[in-house]
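To start, the structure itself, in structure tokens.
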Amino acid sequence: MRIDVLTLFPPMLDGFLSESMLGRAQAAKLLEIKVHNLRDWTKDKHNTTDDRPFGGGAGMVLKCEPVFAAIEELQTPGCRRIYLTPDGTPLSPALALELSQQQHLVLLSGHYEGIDQRIREKVIDQEVSIGDYVLTNGTLAAAVLIDALARFIPGVLGEEKSLTTESFTSKLLDFPQYTRPAVYRDMSVPEVLLSGNHGEIEKWRHAKQVEKTSSVRPDLLK
Ligand code: ADE
């Protein structure tokens, strides 16, 4: 799978993409990610990417020219061109899974007060939000989207199993985990986990999942 990211702030992604699971996934060629600076597609001497909105109002708007040029150069037949924006479709596990099955994604990170509507209509296939809050720019949102979908690419997570039992694939939140020592500062690990009785452990974990989900995310139980 290949992902091209268009942003005005490529350094925001450098460390993030080279560390941990995403770094290893790229080294293993499970995923190829290229980060591009939108300014590379500007033609004027000030490398202008934004301008004042027609009709007035505060803030600046990302211009058509550099974005059309960049996307038209990077796109491939059948690729999915995604604009990260707070007014997009909310990111969900189902959407992350669907996007992980694409061959090629082009991600556009917004900035300023928005982008020219003609970009959205002509060179964007899908708009995605990572949540109901507004970030200063979409670069972090692109990072979140990449991270969430990469976990669904076979081989990216160490153990395939951890994906199916984890929060949200099952619609229940996770059960509590413990590791050694069995007693730390007078706090003991629940007895059942030391029992070796796998049936009882499963039951306990499921009960804890239901308990946690009803207190933190009752909406998931409906
Ligand atoms: N850009 C700014 N805020 C965002 C959000 N919540 N999701 C996606 N892109 C964004």
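In each ligand, atom 1 is the first atom listed, and ligand 1 is the first ligand listed. Because the structure is predicted, anything quoted here is derived from the model rather than measured.
At a heavy-atom cutoff of 4.0 Å, ligand 1 is contacted by both the backbone and the side chain of Ser129. Contacts between Thr85 and ligand 1, counted as non-hydrogen atom pairs separated by less than 4.0 Å, involve the backbone only. With a heavy-atom cut-off of 4.0 Å, Asp132 does not touch ligand 1 at all.
In this structure, Asp4 and His104 have side chains that are in contact, with non-hydrogen atoms separated by less than 4.5 Å.
Residue Tyr184 places its OH atom among 12 or fewer non-hydrogen atoms of other residues, nucleotides or ligands, all under 6.0 Å distant.
The pair Arg118-Glu121 does not count as a salt bridge, with every side-chain nitrogen at least 4.0 angstrom from each carboxylate oxygen. By the 4.0 Å N-to-carboxylate-O rule, Asp87 lies close enough to Arg120 to be salt-bridged with it.
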Pair up each side-chain donor or acceptor in residues 186-202 with any protein partner under 3.5 Å, not counting sequence neighbours, and list the distances.
from	atom 1	to	atom 2	distance (Å)
Ser195	OG	Val192	O	2.6
Ser195	OG	Asn197	N	3.1
Asn197	OD1	Gly199	N	3.2
Asn197	OD1	Glu200	N	3.1
Glu200	OE2	Lys203	NZ	3.1

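With respect to atom 10 (C) of ligand 1, the closest heavy atom belonging to the protein is Pro86 CD, 3.5 Å. With hydrogens left out, the protein atom closest to atom 6 (N) of ligand 1 is Tyr133 O, 2.8 Å, a heavy atom.
By the 3.5 Å distance cut-off applied to N or O atoms, Leu135 is counted among the residues near ligand 1. At least one N or O atom of Ile130 sits closer than 3.5 Å to an N or O atom of ligand 1. Inclusion of Val134 in the set of residues having an N or O under 3.5 Å from an N or O of ligand 1 is not warranted.
Atom numbering of ligand 1 starts at 1 in the shown order; those under 4.0 Å from a heavy atom of Val128 are 8 (C). Using a 4.0 Å cut-off to heavy atoms of Ala141, the atoms of ligand 1 that qualify are 8 (C), 9 (N).
Between the Asp116 side chain and the Lys63 main chain, no donor and acceptor come within less than 3.5 Å of each other.
Across every non-hydrogen atom of Ser100 and Met1, the tightest pair is O-SD, 4.1 Å. Smallest separation of non-hydrogen atoms from Ile115 and Ile119: CD1-CG2, 3.9 Å.
Under the 4.0 angstrom criterion for non-hydrogen atoms, Val144 is not in contact with ligand 1.
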